[in-house]
Colleague: 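To start, I am sharing the structure in question, which I have written as structure tokens.
The sequence lines fix the lettering, A, B, ..., with proteins before strands; numbering per chain opens at 1.
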2 protein chains.
Amino acid sequence: MKKTRTTKAKLEIQELIAASPMALSQREIQNTLEGTCDRVTIYRVLYRLLDEGLIHKIVNTDGVIKYASCRSCTSKHDHDHIHFSCEKCQSVTCLEGVAPSYTLPEAYKVTEMNFTLSGLCPQCSS
Amino acid sequence: MKKTRTTKAKLEIQELIAASPMALSQREIQNTLEGTCDRVTIYRVLYRLLDEGLIHKIVNTDGVIKYASCRSCTSKHDHDHIHFSCEKCQSVTCLEGVAPSYTLPEAYKVTEMNFTLSGLCPQCSS
DNA sequence: TTATTTTTGCAACCTTGTTGCATTAATAGC
DNA sequence: GCTATTAATGCAACAAGGTTGCAAAAATAA
């Protein structure tokens with residue numbers, strides 16, 4: 001079992017995601033860090049953070065993957081919340097309180113859920 | 001307003017998607033057609049079919065975009081159904097009957113929904 | 001059958017994401 | 001604090017998905 005190390009890049013990326021009210025893509029992180037570390041490093045750090053359960057992954061409506069902090073999930077993960085993707089400001093946010101309900105045919109075994117609504121966020125619809 | 005034309009490529013792609021029980025990616029369509037038409041043509045035909053409301057778009061859990069026929073929606077579109085992405089056989093299918101329910105804060109204006117569950121499909125879980 | 005306009009094919013390009021490998025930097029043990 | 005070990009980084013190169021410009025080919029309208 002590999003041991004994970006605390007590095008400058010990891011700390012910076014982790015703090016950036018934790019401080020951000022919306023989910024960030026690799027590209028957005030890269031633009032914010034502005035050459036602090038390599039593009040590839042960001043991908044690898046994100047992979048590690050995911051692996052350690054510190055962030056979670058959201059597939060945006062255009063197929064781009066975004067990352068957000070795990071806030072509500074403490075000991076065990078529960079990412080059964082809705083995400084909202086604003087068509088105007090392009091932001092993707094977690095709606096932590098909102099969990100959908102649905103009834104599936106028995107035969108399906110669900111392990112993960114990805115639920116994204118798109119439209120206009122409160123800021124853009126007013 | 002541009003008028004759309006009925007071409008061989010468009011017909012073939014449309015029929016392929018209509019006949020498929022699962023959603024198809026550009027890549028999968030390309031492999032099936034085997035050189036009938038160019039890669040770029042497929043993208044452009046898919047764009048047209050989407051525009052005409054004959055197919056709908058699903059973002060898979062890995063970010064790859066897939067396309068499926070519009071079956072349940074007749075006059076007006078309603079794509080408020082769940083999609084299922086099987087981790088084993090990689091298939092993405094529409095669960096037409098299953099519509100989730102959720103309560104969103106008022107301020108959000110929803111125009112589209114993308115809900116994909118992943119896990120094992122009936123074929124793979126038995 | 002011809003004129004017009006849409007589609008197509010091709011080449012080139014961009015973006016996102018991954019891999020291999022040598023170098024650099026954390027950490028554990030002394 | 002110093003050294004050995006091993007993880008993390010940077011770089012180059014690559015792969016897949018997707019887009020754009022432009023000339024040539026096919027549908028349609030007249």
Colleague: Taking OP1 and OP2 of dG17(C), is either one under 4.0 Å from a side-chain nitrogen or oxygen of Tyr43(A)?
Modeller: yes
Colleague: Given dG17(D), dT16(C), dG10(D), identify the nucleotide with an atom nearest to the side chain of Arg39(A).
Modeller: dT16(C)
Colleague: Write down the distance between CD (Glu12(B)) and P (dT7(C)), rounded to a whole number of angstrom.
Modeller: 16 Å
Colleague: Leu49(B) CG to dT7(C) P: how many Å, rounded?
Modeller: 11 Å
Colleague: When you check every protein heavy atom under 4.0 Å of nucleotides 21-30 of chain D, what one-letter string (B, S, -) results, 5' to 3'?
Modeller: B----BBS--
Colleague: Mind checking who shares a hydrophobic cluster with Val92(A), ILVMFWY linked at side-chain heavy-atom distances under 4.5 Å?
Modeller: Ile58(A)
Colleague: Would you say Leu16(A) and Ile29(A) make side-chain contact, with heavy atoms under 4.5 Å?
Modeller: yes
Colleague: Let me know the distance between CG of Asp38(A) and C1' of dT16(C), rounded to the nearest Å.
Modeller: 14 Å
Colleague: Tell me which pairs pass side chain to side chain donor-acceptor pair (under 3.5 Å) where either residue lies in residues 34-46 of chain B, with sequence neighbours left out.
Modeller: Gln26(B)-Tyr43(B)
Colleague: Under 3.5 Å, is there a donor-acceptor pair between the side chain of Thr111(A) and the main chain of Ser118(B)?
Modeller: yes
Colleague: Can you measure Ile13(B) atom CD1 to dT7(C) atom P for me and round it to whole angstrom units?
Modeller: 13 Å
Colleague: Listing request: all ring-ring contact (aromatic ring centres under 6.0 Å, His included) pairs with a residue in residues 92-113 of chain B, at least two apart in sequence or in separate chains.
Modeller: Phe84(A)-Tyr108(B), Phe115(A)-Tyr102(B)
Colleague: How many whole angstroms separate atom CD of Gln26(B) from atom P of dA16(D)?
Modeller: 12 Å
Colleague: Would a 4.5 Å heavy-atom cut-off, applied to side chains only, mark Lys66(B) and Leu24(B) as touching?
Modeller: no
Colleague: In whole Å, I'd like the distance from the CD1 atom of Ile42(B) to the P atom of dT7(C).
Modeller: 16 Å
Colleague: Would you work out how much the helix from dT1(C)-dA30(D) to dC30(C)-dG1(D) bends between its ends, with each end axis defined by five base pairs, to 10 degrees?
Modeller: 40°
Colleague: Below 4.5 Å, heavy atoms only, C-beta onward: do His83(A) and His56(A) meet side chain to side chain?
Modeller: yes
Colleague: Regarding Arg27(A), tell me which of base, sugar-phosphate or nothing describes its non-hydrogen contacts under 4.0 Å with the strands shown.
Modeller: sugar-phosphate
Colleague: Would you say the side-chain atoms of Glu12(A) pair up with the backbone N or O of Ala9(A), donor to acceptor, closer than 3.5 Å?
Modeller: no
Colleague: Take the protein atom CG of Leu46(B) and the nucleotide atom C1' of dT8(C), then report the distance between them rounded to whole Å.
Modeller: 15 Å
Colleague: What integer distance in Å separates Ile29(B):CD1 from dG17(D):P?
Modeller: 12 Å
Colleague: Between Ile65(B) and Thr41(A), just flag the one whose closest nucleotide in DNA chain D comes earlier from the 5' side.
Modeller: Thr41(A)
Colleague: Who passes side chain to side chain contact (heavy atoms under 4.5 Å, CB included) against Lys109(A), sequence neighbours left out?
Modeller: Leu120(B), Ser125(B)
